[in-house]
Amino acid sequence: MTIVDAGAPAPQGTYAAGRVVHDADAHMVEPDGFYEQYADPDVRDRLAELDNGSRGRVLDGEIQRLLDSHHTDERAAAGPLDVIVHKNLDALGAFDARDRVAALDAFGFQSQLIFNSSFLNSLTMLDRNGPQDLSVGATRAHNRGVVDFCSVDRRLLPVCWVPFASIDGAIAMAREALDLGAAALMIPSLCPREHGPTHVDFDPLWAMAQEAGVPIVFHVGGGRAMDPVYKRNGLPDVPDFHGGDGNFTSVSYMAIGESPMQTLATMIFDGVLDRHPELMIGVIEQGASWLPGWMRAMDSAAGAFVKNETRLQRLSLKPSEFVARQVRVTPYPHEDSGWIIANTGEGICMFSSDYPHIEGGRAPLKRFDGALGGVGDAAIERFYSLNFLDLMGGKLP
Amino acid sequence: MTVIETPAYASGRVFLDADSHVVETEEWLAPYVDPGLRDRIRPLDFGKGGGEASRKALSRARQRAESGATPFREGDTVMSAKGWSALGAFDRAERTAALDLLGFHRQLVFSTFAPLQFESERDLDLLYGGSAALTRAMVDFCSDDERLMPVGTLALSDPARSLAALQEAIDLGCPTVLVPSRPRASVSPTHPDFDPVWALLAEANVPFMLHIGGGGNPIPRVFHDNGNPVTDWLGGGENLRAKDFMGVHHTAEVFLGAMVLDGVFERFPALRGGCIELGAMWVVDWLKRLDIAQDTFAKSERSLAMPLRASDYAHRQLWFTPFPTEPVGWMIEQGGADMFLFSSDYPHPEGGRDPLKRFEASMAGCSADDRDRFYSLNFAEMMGMEVPAP
């Protein structure tokens, strides 16, 4: 794959001053009711009743209050570092697209994939459990919303959702999302109920994404949650990472890579990446410590099962070589990225800020720099920019 | 029975085998089931082909016992015959002969099919009754040879019943018990209600085991609906396939992670566990992720402020069996030499015909001490025993 110039170093005075940085994970943080304005009339009222729906409330005043809080004199005077310390709805550009451009200017990042924040769980569960008409309607509202959010600046790259419950429906929705301007297609890592995600009838979808040079991405929230019984441990309830009662705790963190590992291994074994050699896959906000063992486990599986599984006999590369060629992954800033790179190669791991989510922390560049202490300059350049460009088909936004 | 004398398959050091199996025939469990449950427990149904194969194997074994004929066809070795056809698959006298030929000094013996007769039961009488029967059967199978170490079965659906069942297994002399890796009770296995079970295991010097099969299907079956069916190890389509292999450890990984992070190993420092036939490639990064979890969530989860690093509990109290196709040398280099165990999986086909050759191929850079640990010392530590004399 030809890599184009990754862009000019960020100007002085920005967070990334002097560096070329592409950000593989960032979010818009939707206020309640955000998607209803993009919904078709037949599903609008039903979206209002989902987790982040307005439930009939008029939210204009609340949203204006939030916006005003982003524009105090004190915050304006604080400079770029101030931008990254505010999180979620309190962050500059969390939901206002013009403010997001200002935030991106402050960061100095060359581009930023934009995921949703509060809707992925609803989209995943609707895909899994239906009703399918609401799943399709919610998907359309989501995709219009994120594309609209990103439309103000070419550096903002919208990630559209494609539900997988219906094969024909997925192919049609992928087409629709690409026509809408999707920069990446996000699919569930949770296995559909009625068919595998690698069913041969999905091939037109992979071919479409490959031809468009648009990657397929998996994001945390699109997979199987940990068995909730593990939370009933007789100990006091622990607040989750966000301080609430969600399910992002130390124990659930241990299971976070399961779904993408399984679905992606299935895609490799079933030949999806072999049949579509320029299809790129991103695994986002699900850590990367699992990569060294997983890649070796796939090669081990291929060796162990090749005698009886013709699909393995047909593969033109070792499974780990497909990963090196076509899969890109974002480590968490607290993971040992240097060790991961030393045990997987320089071409897979990518930087991500997770802005404006709390998990991204207040100093992602500093933390990643620390984790990359023993890594050479070429690998660092790949980490901060070139591997992302690989994922995006070699295209600068 | 006449067994052609050949050098033992394994020689030159002490080999302690952390995984082997009985391959049960249809009526194997029945004599051990309490009379009150005998009519209620599910029969073992191998289907038409499997039932016939198991009956033929049983018939051949009986003829061998009467005639003293060799079990091997020309060209066979003890490691080449698999399943019901293997020497000692279900007959304990033959198993002793098999162990002579294998050259292993100890061997943990798990079941193969019998758990299917009760493990999915919601009726706790059947679940615990079936488990107790299997424990008795395994102890009996191993009772004539000190090298055979039976693995009892312990359900974790009801803490009080589990405690009683564990005491019974210990009284029978079980050196270890198998527990499910998927939660079956209404509370986590790390809930204080289960503490008496972990306490008794620690006190009795009896480690728990997790094993493939104890977590249900490795991956949702629908992953296999890909429009492109494949055969499995045995030529059918229902057993372990490459995609299953990738998810085979998931439930064990979460189970053990919860045990570490919820402080069970801190509360019971003498508790030990083995993770068997679930591969071990994942262990290397799992150790790193345990520490990351402890560091990252310590602010919101005060219970993570334990005296040791999370990974140190795993190093202190857990052991794992790599598959022979995995790069054991890399795993030892990255994860340490103190956690990985040799296993043969005898007489299952997955163990292959020459697991020692495959393990050795990936351990070229390992030291003599690493090998001692892999083949015997780690097993002895896990089981709380001395390494037997060569």
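Just the heavy atoms: all of them, side chains too, but no hydrogens, waters or symmetry mates, feed the values below. Chain identifiers are assigned alphabetically (A, B, ...) following the order of the sequence lines, protein sequences preceding nucleic acid strands; residue numbering begins at 1 within each chain. Bear in mind the structure is a predicted one, so any value in this text is a computation, not a measurement.
Contact count against chain B (heavy-atom pairs under 4.5 Å) is highest for A:Thr263 among A:Thr263, A:Asp201, A:Leu312, A:Asp299. With chain B as the partner, the residue from A:Tyr332, A:Trp290, A:Trp294 showing the most heavy-atom pairs under 4.5 Å is A:Trp290. Ranking B:Gln334, B:Glu301, B:Arg182, B:His249 against chain A, the residue ahead of the rest is B:Glu301, based on heavy-atom pairs under 4.5 Å. If you tally non-hydrogen atom pairs under 4.5 Å between each of A:Met261, A:His199, A:Glu335 and chain B, the highest count goes to A:His199. The choice from B:Gly352, B:Pro327, B:Ala293, B:Ala298 that makes the most heavy-atom pairs within less than 4.5 Å of chain A is B:Ala293.
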List the steps and the verdict of side chain to side chain contact (heavy atoms under 4.5 Å, CB included) for B:Val284 and A:Trp339.
CA-CA 11 Å; B:Val284 173; A:Trp339 175 79; 3.6 Å; yes
Test side chain to side chain contact (heavy atoms under 4.5 Å, CB included) on A:Tyr230 and B:Phe255; report intermediate values, then the result.
CA-CA 8 Å; A:Tyr230 278 111; B:Phe255 179 100; 3.3 Å; yes
Would A:Asp227 and B:Val254 count as a side chain to side chain contact (heavy atoms under 4.5 Å, CB included) here? Give the steps.
CA-CA 9 Å; A:Asp227 190 329; B:Val254 178; over 6 Å; no
Stepwise side chain to side chain contact (heavy atoms under 4.5 Å, CB included) check, B:Met246 with A:Met298
CA-CA 7 Å; B:Met246 298 307 296; A:Met298 282 197 295; 3.1 Å; yes
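For chain A, the nearby part of B:Glu253 is the side chain; its heavy atoms alone come within less than 4.5 Å. For B:Ala310, no part lies near chain A; criterion is any non-hydrogen pair under 4.5 Å. Contact annotation for B:Pro192: both backbone and side-chain heavy atoms come within less than 4.5 Å of a heavy atom of chain A. Contacts between A:Pro192 and chain B at a heavy-atom distance below 4.5 Å involve the backbone alone (N, CA, C, O). In this structure, chain B has no heavy atom under 4.5 Å from any part of A:Ile256. Heavy atoms closer than 4.5 Å to chain A are found nowhere in B:Pro324, neither backbone nor side chain. Heavy-atom distances place the side chain of B:Lys288, and not its backbone, under 4.5 Å from chain A. Looking at A:Arg224, the atoms closer than 4.5 Å to chain B (heavy atoms on both sides) all sit in the side chain, from C-beta outward. A:Asn343 touches chain B through its side chain: at least one heavy atom from C-beta onward sits under 4.5 Å away, while N, CA, C and O do not. Within the 4.5 angstrom heavy-atom criterion, only side-chain atoms of B:Trp330, from C-beta onward, approach chain A. Neither the backbone nor the side chain of B:Gln294 comes within less than 4.5 Å of any heavy atom in chain A. Within the 4.5 angstrom heavy-atom criterion, no atom of B:Phe323 approaches chain A.
Closest non-hydrogen pair, B:Thr325 versus A:Ala304, comes out as CG2-CB, 3.7 Å. Residues B:Ala185 and A:Val229 share a closest heavy-atom pair of O-CG1, 3.7 Å. Across every non-hydrogen atom of B:Ser186 and A:Arg232, the tightest pair is O-NH1, 2.7 Å. The two residues B:Asp262 and A:Leu235 make their nearest non-hydrogen contact at O-CD1, 3.9 Å. For the pair B:Ala242 and A:Ala301, the tightest heavy-atom approach, listed with the atom from each and the gap, is O-CB, 4.3 Å. Scanning both residues, A:Thr198 and B:Lys243, for their nearest heavy atoms gives OG1-NZ, 4.4 Å.
Using a 4.5 Å cut-off on side-chain heavy atoms (C-beta onward), A:Phe305 and B:Phe245 make contact. Proximity of A:Ser250 to B:Leu304: side-chain heavy atoms (C-beta onward) are separated by under 4.5 Å at one or more points.
Atom OG1 of B:Thr251 sits about 13.5 Å away from atom CE of A:Met226, to the nearest 0.5 Å. Within the model, atoms CH2 of B:Trp282 and OG of A:Ser289 stand 14.5 Å from one another, a figure rounded to the nearest 0.5 Å. Distance CG/B:Asp291 to CG/A:Asp336: 11.0 Å, rounded to 0.5 Å. In this structure, the separation between CZ on A:Arg296 and CE on B:Met281 is 7.5 Å, given to the nearest 0.5 Å.
A side-chain contact (heavy atoms from CB on, under 4.5 Å) with A:Tyr253 is found for one member of B:Leu261, B:Thr296, B:Ile292, B:Leu290 and no other, namely B:Ile292.
Under the 3.5 Å distance criterion, the side-chain polar atoms of A:Gln262 are matched with a main-chain donor or acceptor of B:Gly247.
Residues satisfying the side-chain contact (heavy atoms from CB on, under 4.5 Å) test with A:Glu194, not counting sequence neighbours, are none.
With no hydrogens or angles considered, no side-chain donor-acceptor pair links B:Glu326 and A:Ser300 at under 3.5 Å.
Enclosure of atom CZ in A:Arg193 by more than 12 non-hydrogen atoms of other residues, nucleotides or ligands within 6.0 angstrom is indicated.
By a heavy-atom distance cut of under 4.5 Å, not one residue of residues 315-322 of chain A is near chain B.
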